[in-house]
Amino acid sequence: MDKRNRLALAYLLIGISAAGRALLAVPENTQLQELSLTVLAVVGYLLICRRTVLPLVCGTVQLVLELILCGSQTGGVWTWLMPLLRAADLWVLLLTTVLMLRQAGQPHRLMPGVAMVPLAAYTVSRLLGLPTVISSGAFVVFSVLLLWYAVLMLRAYNEARVKD
């Protein structure tokens, strides 16, 4: 890959980050892994921030939320807010997918629209304290849909790589 092709590198890093998050596929005890994958994505957002700054803002919000979630594992004052913070983190991730798909010129309506359904089910089940099986199942489906996003980002990487 041409090291000067920042756009292609950004799409590659973001695609790898999305694939990594998709492969976690469990909502609990993954805060540190999510944090490191979000840092990878933020590096990709930094590479394209000349074109648009919104994904970088969303990535920064995700980093802050994930740092709070990592700290709340030890029983901090944020423990009781964990379900709300986890849901907010995932909704910001979904917003970032919309922004990045638009930036990459990829079809951006179907994937986020489909991903909203399991994410909404996850959010409602976590906030209402419904059985864990419901929230875990919804999270797994959302994670699988992140693979779709990863494929779209890797497709954008290939198009940007070939273009230059």
Side-chain angles (χ1 to χ4, degrees), residues 1 5-28 30-31 33-66 69 83-127 130 133-164:
M1 182 178 124
N5 193 340
R6 296 168 57 118
L7 185 61
L9 180 59
Y11 293 154
L12 179 63
L13 291 173
I14 295 164
I16 291 170
S17 171
R21 283 193 72 140
L23 295 175
L24 293 176
V26 289
E28 284 77 29
T30 59
Q31 287 87 1
Q33 294 90 340
E34 285 177 332
L35 182 64
S36 58
L37 290 167
T38 300
V39 168
L40 183 66
V42 167
V43 170
Y45 305 147
L46 279 169
L47 290 172
I48 62 161
C49 70
R50 283 191 229 163
R51 295 172 185 257
T52 178
V53 73
L54 291 176
L56 181 59
V57 170
C58 290
T60 304
V61 168
Q62 279 184 272
L63 277 175
V64 169
L65 288 169
E66 290 167 8
L69 286 165
L84 181 62
L85 294 174
R86 169 67 55 216
D89 177 46
L90 294 173
W91 282 102
V92 172
L93 173 62
L94 186 62
L95 173 61
T96 308
T97 65
V98 172
L99 296 171
M100 284 308 304
L101 290 172
R102 185 176 300 145
Q103 163 64 33
Q106 295 294 317
H108 64 276
R109 292 200 173 128
L110 188 58
M111 180 267 158
V114 172
M116 277 185 194
V117 175
L119 186 53
Y122 172 80
T123 303
V124 168
S125 65
R126 285 294 302 237
L127 295 179
L130 297 176
V133 124
I134 296 171
S135 62
S136 294
F139 189 85
V140 168
V141 171
F142 178 73
S143 295
V144 168
L145 292 171
L146 279 179
L147 286 174
W148 185 1
Y149 171 61
V151 166
L152 291 173
M153 290 287 39
L154 293 176
R155 183 180 298 158
Y157 154 73
N158 193 42
E159 289 172 6
R161 184 181 56 82
V162 170
K163 189 182 292 185
D164 283 343

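Just so you know, residue 1 is the first one in the sequence shown, and it goes up from there.
Looking only at side-chain heavy atoms (C-beta outward), R102 and T52 stay at 4.5 Å or farther from each other. Contact check for L7 versus I48: side-chain heavy atoms found under the 4.5 Å cut-off. Residues I14 and Y157 form no side-chain contact, since every pair of their non-hydrogen atoms from C-beta on lies 4.5 Å or further apart.
Exactly one of R6, Q103, E159 qualifies for a side chain to side chain contact (heavy atoms under 4.5 Å, CB included) with Y11. That residue is Q103.
Rounded to the nearest 0.5 Å, atoms CG (L119) and CZ (F139) are 9.0 Å apart. We find the OG-CZ distance between S135 and F142 to be 14.0 Å, quoted to the nearest 0.5 Å. Between atom CG of residue L154 and atom CZ of residue R161 there is a gap of 11.0 Å, rounded to the nearest 0.5 Å. To the nearest 0.5 angstrom, Y122 atom OH is 12.0 Å from W91 atom CH2. Note: R86 CZ to R126 CZ = 8.0 Å, rounded to the nearest 0.5 Å. A distance of 11.5 Å separates CG of L93 from CG of L65, quoted to the nearest 0.5 Å.
Across all their heavy atoms, M100 and Y149 have their closest contact at CB-OH, 3.3 Å. Across all their heavy atoms, S17 and A41 have their closest contact at OG-CB, 3.5 Å. Shown here for T60 and V42, the closest heavy-atom pair between the two residues is N-CG2, 4.4 Å. Of all heavy-atom pairs spanning A115 and L145, the tightest one is CA-CD1, 3.5 Å. Smallest separation of non-hydrogen atoms from L99 and C58: CD1-SG, 3.8 Å.
Side-chain atoms of R155 and N158 include no donor-acceptor pair closer than 3.5 Å.
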